[in-house]
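Below is one structure, written out as structure tokens; the observations come after it.
Order of the sequence lines sets the chain letters (A, B, ...), proteins ahead of strands, with each chain counted from 1.
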There are 2 protein chains.
Amino acid sequence: MFIMRARLKDVAAKAGVAPNTASTILNRKPNSWASEETRERVFKVAEELNYRPSRTALGLRTGSFKAIGLVVPDLHNPFYTAFSDCLERALRKFGYDLILEHSREDMDYQSKCLLSLLDRQIDAVAYFVNDLDKHLDFLAKAKEADKTVVALTGPPPKGAPHLPFDSIQIDFTSGFIEAVDHLIELGHQRFAFLSALSKGQSADGRPEMFNQLLQARGVTEENNIYLTCSHELEDMHRVFKEYLESQPPQRHPTALIALNDLAAIGAMRAAADCGFSVPGDISVVGVDDIPLGCFLPQRLSTIRQPIKDMAEATAMMLLNRLRSSSESSTAVQSKCFNTQFVCRETTSAVSSG
Amino acid sequence: MFIMRARLKDVAAKAGVAPNTASTILNRKPNSWASEETRERVFKVAEELNYRPSRTALGLRTGSFKAIGLVVPDLHNPFYTAFSDCLERALRKFGYDLILEHSREDMDYQSKCLLSLLDRQIDAVAYFVNDLDKHLDFLAKAKEADKTVVALTGPPPKGAPHLPFDSIQIDFTSGFIEAVDHLIELGHQRFAFLSALSKGQSADGRPEMFNQLLQARGVTEENNIYLTCSHELEDMHRVFKEYLESQPPQRHPTALIALNDLAAIGAMRAAADCGFSVPGDISVVGVDDIPLGCFLPQRLSTIRQPIKDMAEATAMMLLNRLRSSSESSTAVQSKCFNTQFVCRETTSAVSSG
DNA sequence: TTGTAAGCGTTATCAG
DNA sequence: CTGATAACGCTTACAA
């Protein structure tokens, strides 16, 4: 014998009113001029029956499901969990749930995730875009479906058209410049970059950007190594280790910039495996500034993303759009954040020699 | 002008059939004897219109939302994200989505999470129970609401009644015994335990259990230190550091068992801050075996939980129940997993002295 | 073979 | 002040 979830109908019946009456009362509608006695009765019955409205039915009826989806590229990366956590906190304050989809750093799978979210009829989507070209198309679909979309992405390349949707942008240039300047000052002349790419993701303009940055500071192209790996810690470790093992000492970088903190961790272990000390032999800089970074044996020097600010800005942008949905101030919004180099314990002067 | 999501009605209209006809055709119902021509037309139109059924409406109608909720105690702990990831993979194969709620290691908030999940009308819930007494009540509510529930928990204490719901149990005793035996063999005589507790969680019988374990091996109570902290990395670090700083050398443990790998990481940093080397001065053992453990400068010795197996067993138990929902073989199911000590690089013989 | 009508749990509109 | 009735998008008897 199942005790079913109490429905509005049940509450109404037990309280001796019609369902709609119960509805108006429970929702504290101003035009509910029900007698004080009736109100009380309805509330009491609702309480007794443990009544909770069905979000599903509610959503179907009102068109809003009070839910916002986030497509998380990598649930195993603390950066994303930190972001999700902040976003969820911010949204919950306004009565919205956050629904996560984990796309596992697979570009193809990401579109599945988006569809899945849309099928569940959420109100809006926040989306980490790591490959503009590939993502534009299906993000457009979300808009067609009349969903609010906020993209989390780098700023559009100079000269490129503006993004067709709202976005929270994060500009890494300042952070990279600070980090590189810092390393150069410490005497480093051989650099490596370790970039984790999603399945199906193209390297974009990154190698060129790093090259430009370094050449402007007198580092020749042959002293600028660009390595790519997947988002598996294991792969990050393997790629850097194999590089170190495969190259003669003069090709070993003295400074490594890993494109996320997790990659920095994997690379540091690789360095250790090859008998190098950090930062003695190799200085390492990560990107993200995940909390974990400060609890490693060497506190990780990194390029910080303002995670909390970004998440809160995302929430606000989303919420504002939802609020003024129909008036639809069609102007595309964007807000840009900067990154910042944080010097800790994994960077030091290049050993004299 | 909004391009709305295409509804079944739209497809039917454009294909010149009634909605139900379209429904039967699209769902490939055997009793659809529609003409081949009609079928084709309907499929083509659905394609053109990018038709996707609304899970919400579907759920309301059929009673199944093809979604399963998981209440995650700590999204920042890689153990839980690894578990979630495995669970999601397993469920997705059967067409179920996994919906995460993050309870932030707050016992009170956990019940909110459960309600939130129930409001969204998922089909079933998987739930990490870390404090039996407190969780029993509101898990019972889920059952009242006719939801399938699987609890992830330790085995019930001897003599305690069986759990009133299905459960995946994880028994830490074997792992702890192996770890302690190993440490004793290495000559350790002063132990510390670092236990992360949720807000509102009681320590349960853990200190007693450790005491018993150690006393049976000739370690006196005064050489068995039990420390508690929150689930914040920062707090894990702080608690162990403050302990080390506050005690005279003879009270310093030579072996630490942290009750999860993250706590081990925080504690190792604390040890380093106080000038101790790991494992030279202090051997450290974690619990969980998160992937990250193998990429630290010292590969973390740990008590492994079979994460993937547990997640898959959870999925299967859930799915079986859903399948045979109404016949309801009322017998409570449970499956128990064991833990295992994995010796890596953070444990070594106690330094002679 | 196809169409009509009812219902899942809500809320909104409009009479009583 | 309260109560039918319709609608949200879908499936499923059942009738044509």
Strand contacts (DNA chain C) in residues 43-57 of chain A, 4.0 angstrom heavy-atom criterion: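 Only Tyr51(A), Arg52(A), Pro53(A), Ser54(A), Ala57(A) qualify.
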Atom [atom1] of [X] to atom [atom2] of [N]: distance rounded to whole Å?
X	N	atom1	atom2	value
Gln121(B)	dC8(C)	CD	P	13 Å
Leu8(A)	dT10(C)	CG	P	5 Å
Leu60(A)	dC8(C)	CG	C1'	9 Å
Lys9(A)	dG3(D)	NZ	P	16 Å
Ile25(B)	dC10(D)	CD1	C1'	16 Å
Asp119(A)	dG9(D)	CG	C1'	13 Å
Arg39(A)	dC1(D)	CZ	C1'	11 Å
Phe65(B)	dC10(D)	CZ	C1'	12 Å

Salt bridge (charged side-chain N to carboxylate O under 4.0 Å, His left out): pairs with one or both residues in residues 85-96 of chain B, sequence neighbours excluded: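 Residue pairs passing salt bridge (charged side-chain N to carboxylate O under 4.0 Å, His left out), neighbours aside: Glu101(A)-Arg92(B), Arg104(A)-Asp85(B), Arg104(A)-Glu88(B), Asp85(B)-Arg89(B), Glu88(B)-Arg92(B), Arg92(B)-Asp97(B).
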Distance, nearest 0.5 Å, that separates OG1 of Thr314(A) from CG of Leu70(A):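 Rounded to the nearest 0.5 Å, the OG1-CG separation comes to 8.5 Å.
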Results of side chain to side chain donor-acceptor pair (under 3.5 Å) for Tyr96(B) - residues two or more places apart only: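 In terms of side chain to side chain donor-acceptor pair (under 3.5 Å), with neighbours along the sequence ignored, Tyr96(B) is linked to no residue.
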Side chain to side chain donor-acceptor pair (under 3.5 Å) partners of Glu40(A), counting only residues at least two apart: none
Residue-phosphate contact under 4.0 Å: Ser23(A) side-chain N/O, dT10(C) OP1/OP2: no
If you restrict it to nitrogen or oxygen atoms, what contacts under 3.5 Å exist between nucleotides 13-16 of chain D and the protein, and what is each distance?
none

Proximity to the side chain of Leu58(B) - top-ranked nucleotide from dC10(D), dG3(D), dT10(C):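 Looking only at side-chain atoms, Leu58(B) lies closest to dC10(D).
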Proximity to the side chain of Arg7(B) - top-ranked nucleotide from dT10(C), dT2(D), dG9(D): dG9(D)
Exam field: side chain Arg55(B) to backbone Asp119(A), donor-acceptor pair closer than 3.5 Å: no
Test log, rule side-chain contact (heavy atoms from CB on, under 4.5 Å), inputs Met107(B) and Gln110(B): CA-CA 5 Å; Met107(B) 304 294 290; Gln110(B) 297 207 16; 4.2 Å; yes
Pairs satisfying ring pair (Phe, Tyr, Trp, His ring centres under 6.0 Å), at least one member in residues 102-130 of chain B, at least two apart: His76(B)-His102(B), Tyr80(B)-Phe128(B), Phe83(B)-Phe128(B), Tyr127(B)-His135(B), Tyr127(B)-Phe138(B)
Contact nearer the 5' end of DNA chain C, comparing Asn27(A) with Thr62(B): Thr62(B)
5'-most by nearest nucleotide on DNA chain C - Thr38(B) or Pro19(A): Thr38(B)
Any Lys335(B) side-chain heavy atom under 4.5 Å of Met317(B) side chain: yes
Modelled atom types, side-chain donor and acceptor of Ser35(B) and Thr38(B), under 3.5 Å: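 Checked: Ser35(B)/Thr38(B) side chains pair up, N/O donor to acceptor below 3.5 Å.
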